[in-house]
Protein chains: 2
Amino acid sequence: MRIGEAAGATGVSAKMIRHYEAVGLLPAAARRDSGYRDYGEADVHALRFIRRARDLGFSLSEIAGLLALWRDKARASAEVKRLALAHVEALEEKARDLSAMASTLRHLAAHCHGDARPDCPILEGLAGERG
Amino acid sequence: MRIGEAAGATGVSAKMIRHYEAVGLLPAAARRDSGYRDYGEADVHALRFIRRARDLGFSLSEIAGLLALWRDKARASAEVKRLALAHVEALEEKARDLSAMASTLRHLAAHCHGDARPDCPILEGLAGERG
DNA sequence: ATGGGGATTCCTATCATGGGAAGGTCAAGG
DNA sequence: CCTTGACCTTCCCATGATAGGAATCCCCAT
């Protein structure tokens, strides 16, 4: 199948498929006489793998490692689990950071009456007049 | 004070101070005869404001809006509150997204025995053989 | 006057993704 | 046979926030 069909079948845009090939995440695709890239079932599986990993927040370099493990039928599952749990930690830390930001800002907003008057604890907080 | 001192006093790198000026977040700084930028107390306040807003996850364009409101002594606090709460929603949504990713991945990892054996539910999950 | 730390501008990189231009390929239909 | 239009190719540029580095210049203390 051509790149557009592969894109439709996997949810990865044609643009990104070419990009993944360019950065070495995928091997160079087979080509037809016309120069068009030609994809098979194995390619579609790899693209779906990449897309799911991206949906789980893995970076492209992390995915490169996961793909290598995936293709290595003899890999130890311990290695995969280690990578996955390290990533879980990173995701949870980012989530905590965002929640803390939201909480701080919500507290500031709670003290702002939010009407036509100009005084505003949110701006005062950002200016450092408190907190 | 020179840019390095302003950077030290605010926690914003000299590099970023120049950048904020270049993108219009800050007005062009005063210059000495030497060409060096010259900062005063008002600039330091603005830089601290920006830094705190960045720490709360506001984008530079959002900060541009907040700065305008901050400088407008007659603004209605309702507008500030609206922006702040919209940002809180966005932060919380991102935090939820990350938590959901972490949770999904943690579930996959929980079913992976993580030893020397090659079979691994994490990779199977990414490959789409389940879920 | 010299050394060194700080300043200036400008270019490059990161990360993942997308937009768009200029041109080649292919199938359908007048 | 030739056109049309959808698809493909490569290449360049942009995003957003931040940092690294080069070449050059300024300032101050020894």
Side-chain angles (χ1 to χ4, degrees), chain A residues 1-26 28-40 43-44 46-67 87 90-91 94 97-98 101, chain B residues 1-26 28-40 43-44 46-67 87 90-91 94 97-98 101:
Chain A
M1 63 178 83
R2 289 170 304 175
I3 199 169
E5 300 167 81
T10 62
V12 179
S13 72
K15 208 90 176 174
M16 291 314 299
I17 296 177
R18 292 192 197 98
H19 179 63
Y20 293 157
E21 179 181 328
V23 299
L25 193 57
L26 293 173
R31 299 283 184 145
R32 301 186 181 176
D33 289 347
S34 62
Y36 287 13
R37 286 174 181 79
D38 204 359
Y39 296 94
D43 303 293
V44 167
L47 286 168
R48 289 208 179 110
F49 184 101
I50 293 173
R51 180 160 146 60
R52 289 200 176 88
R54 289 290 301 135
D55 286 348
L56 289 175
F58 285 98
S59 70
L60 293 194
S61 63
E62 287 170 327
I63 293 174
L66 291 173
L67 277 171
H87 185 57
L91 288 173
K94 278 186 209 164
D97 288 350
L98 290 174
M101 290 180 202
Chain B
M1 63 179 82
R2 288 171 303 176
I3 199 170
E5 300 167 80
T10 61
V12 180
S13 72
K15 210 90 172 174
M16 291 315 298
I17 295 177
R18 291 192 197 98
H19 179 63
Y20 293 159
E21 179 180 328
V23 300
L25 193 56
L26 294 172
R31 297 286 183 144
R32 301 186 181 176
D33 289 347
S34 63
Y36 285 13
R37 287 175 179 79
D38 203 359
Y39 296 94
D43 303 293
V44 167
L47 286 169
R48 288 209 181 109
F49 184 101
I50 292 172
R51 180 161 145 61
R52 289 200 175 86
R54 288 290 301 135
D55 287 347
L56 289 175
F58 285 97
S59 72
L60 293 194
S61 63
E62 287 169 328
I63 293 175
L66 290 173
L67 277 172
H87 185 56
L91 288 173
K94 278 186 208 164
D97 288 349
L98 290 174
M101 290 181 202

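Computed from a predicted structure; not experimentally measured.
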Participant: Side chains of Thr10(A) and Ile50(A): closer than 4.5 Å at any heavy-atom pair?
Facilitator: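 In short, these two side chains do not touch, never coming nearer than 4.5 Å.
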Participant: Could I get the full list of side-chain hydrogen bond (donor to acceptor under 3.5 Å, both in side chains) partners for Arg37(A), not counting sequence neighbours?
Facilitator: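 side-chain hydrogen bond (donor to acceptor under 3.5 Å, both in side chains) check on Arg37(A) returns Glu21(A).
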Participant: For Asp38(A), give me all partners under side chain to side chain contact (heavy atoms under 4.5 Å, CB included), at least two apart in sequence or on another chain.
Facilitator: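 With neighbours one apart ignored, the set is Ala30(A), Arg32(A).
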Participant: With side chains defined as the heavy atoms from C-beta onward, is the minimum distance between Tyr39(B) and Arg2(B) less than 4.5 Å?
Facilitator: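 A side-chain contact under 4.5 Å is absent here.
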Participant: Apply side-chain hydrogen bond (donor to acceptor under 3.5 Å, both in side chains) to Arg54(B) and list each qualifying residue two or more places apart in sequence or on a separate chain.
Facilitator: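 By the side-chain hydrogen bond (donor to acceptor under 3.5 Å, both in side chains) rule, Arg54(B) matches no residue at all.
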Participant: Which atoms form the tightest heavy-atom contact between Ser13(B) and Ala7(B), and what is the distance?
Facilitator: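 The pair with the smallest heavy-atom distance is C-CB, 4.0 Å.
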Participant: Quick one: on DNA chain D, does Gly35(B) or Ser61(B) contact a more 5' nucleotide (nearest heavy atom)?
Facilitator: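 Its nucleotide being nearer the 5' end, the pick is Ser61(B).
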Participant: Which is the 5'-most and which the 3'-most nucleotide of DNA chain D that has an atom under 4.0 Å from a heavy atom of chain A?
Facilitator: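 Footprint of chain A along DNA chain D, 5' to 3': dC7(D) to dT10(D).
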Participant: How would you label the contact of Phe58(A) with the nucleic acid (heavy atoms, under 4.0 Å): base, sugar-phosphate, or nothing?
Facilitator: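 Answer is nothing: Phe58(A) stays at 4.0 Å or more from every strand.
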Participant: Using a 4.0 Å heavy-atom cut-off across all strands, classify Arg32(B) as base, sugar-phosphate, or nothing.
Facilitator: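 No contact.
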Participant: Ring pair (Phe, Tyr, Trp, His ring centres under 6.0 Å) with Phe49(A): which residues, sequence neighbours excluded?
Facilitator: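 In terms of ring pair (Phe, Tyr, Trp, His ring centres under 6.0 Å), with neighbours along the sequence ignored, Phe49(A) is linked to Trp70(A).
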Participant: So, do Tyr20(A) and Leu60(A) sit near enough that their side-chain heavy atoms are less than 4.5 Å apart?
Facilitator: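 Result yes, sub-4.5 Å side-chain heavy-atom pair found.
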Participant: Using atom types as modelled and distance alone, determine if a side-chain donor or acceptor of His19(B) lies under 3.5 Å from a backbone N or O of Ala14(B).
Facilitator: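 Absent.
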Participant: Side chains of Arg31(A) and Tyr36(A): closer than 4.5 Å at any heavy-atom pair?
Facilitator: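 Arg31(A) vs Tyr36(A): side chains apart.
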Participant: Which residues satisfy the side chain to side chain contact (heavy atoms under 4.5 Å, CB included) test with Ala64(A), sequence neighbours excluded?
Facilitator: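 Applying side chain to side chain contact (heavy atoms under 4.5 Å, CB included) to Ala64(A) gives Leu25(A).
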Participant: Please identify the 5'-most and 3'-most nucleotides of DNA chain C with any atom under 4.0 angstrom from a heavy atom of chain A.
Facilitator: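 Boundary nucleotides touching chain A, in 5' to 3' order, are dA16(C) to dC26(C).
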Participant: Between Tyr39(A) and Leu60(B), who's closer to the 5' end of DNA chain D by nearest nucleotide?
Facilitator: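 The answer here is Tyr39(A).
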Participant: Asp55(B): which residues meet the salt bridge (charged side-chain N to carboxylate O under 4.0 Å, His left out) condition with it, sequence neighbours left out?
Facilitator: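 Salt bridge (charged side-chain N to carboxylate O under 4.0 Å, His left out) list for Asp55(B), sorted by chain: Arg51(B).
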Participant: Mind listing the residues from residues 1-18 of chain B sitting with a heavy atom below 4.0 Å of DNA chain D? Number order is fine.
Facilitator: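 Contacts with DNA chain D under 4.0 Å: Ser13(B), Lys15(B), Met16(B).
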Participant: Compute the bend angle of the helix from dA1(C)-dT30(D) to dG30(C)-dC1(D) from the end axes (five pairs per end), rounded to 10°.
Facilitator: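 One end axis against the other gives 30°.
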Participant: Just to verify, what does Ser59(A) make a side-chain hydrogen bond (donor to acceptor under 3.5 Å, both in side chains) with, not counting sequence neighbours?
Facilitator: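 Ser61(A), Glu62(A).
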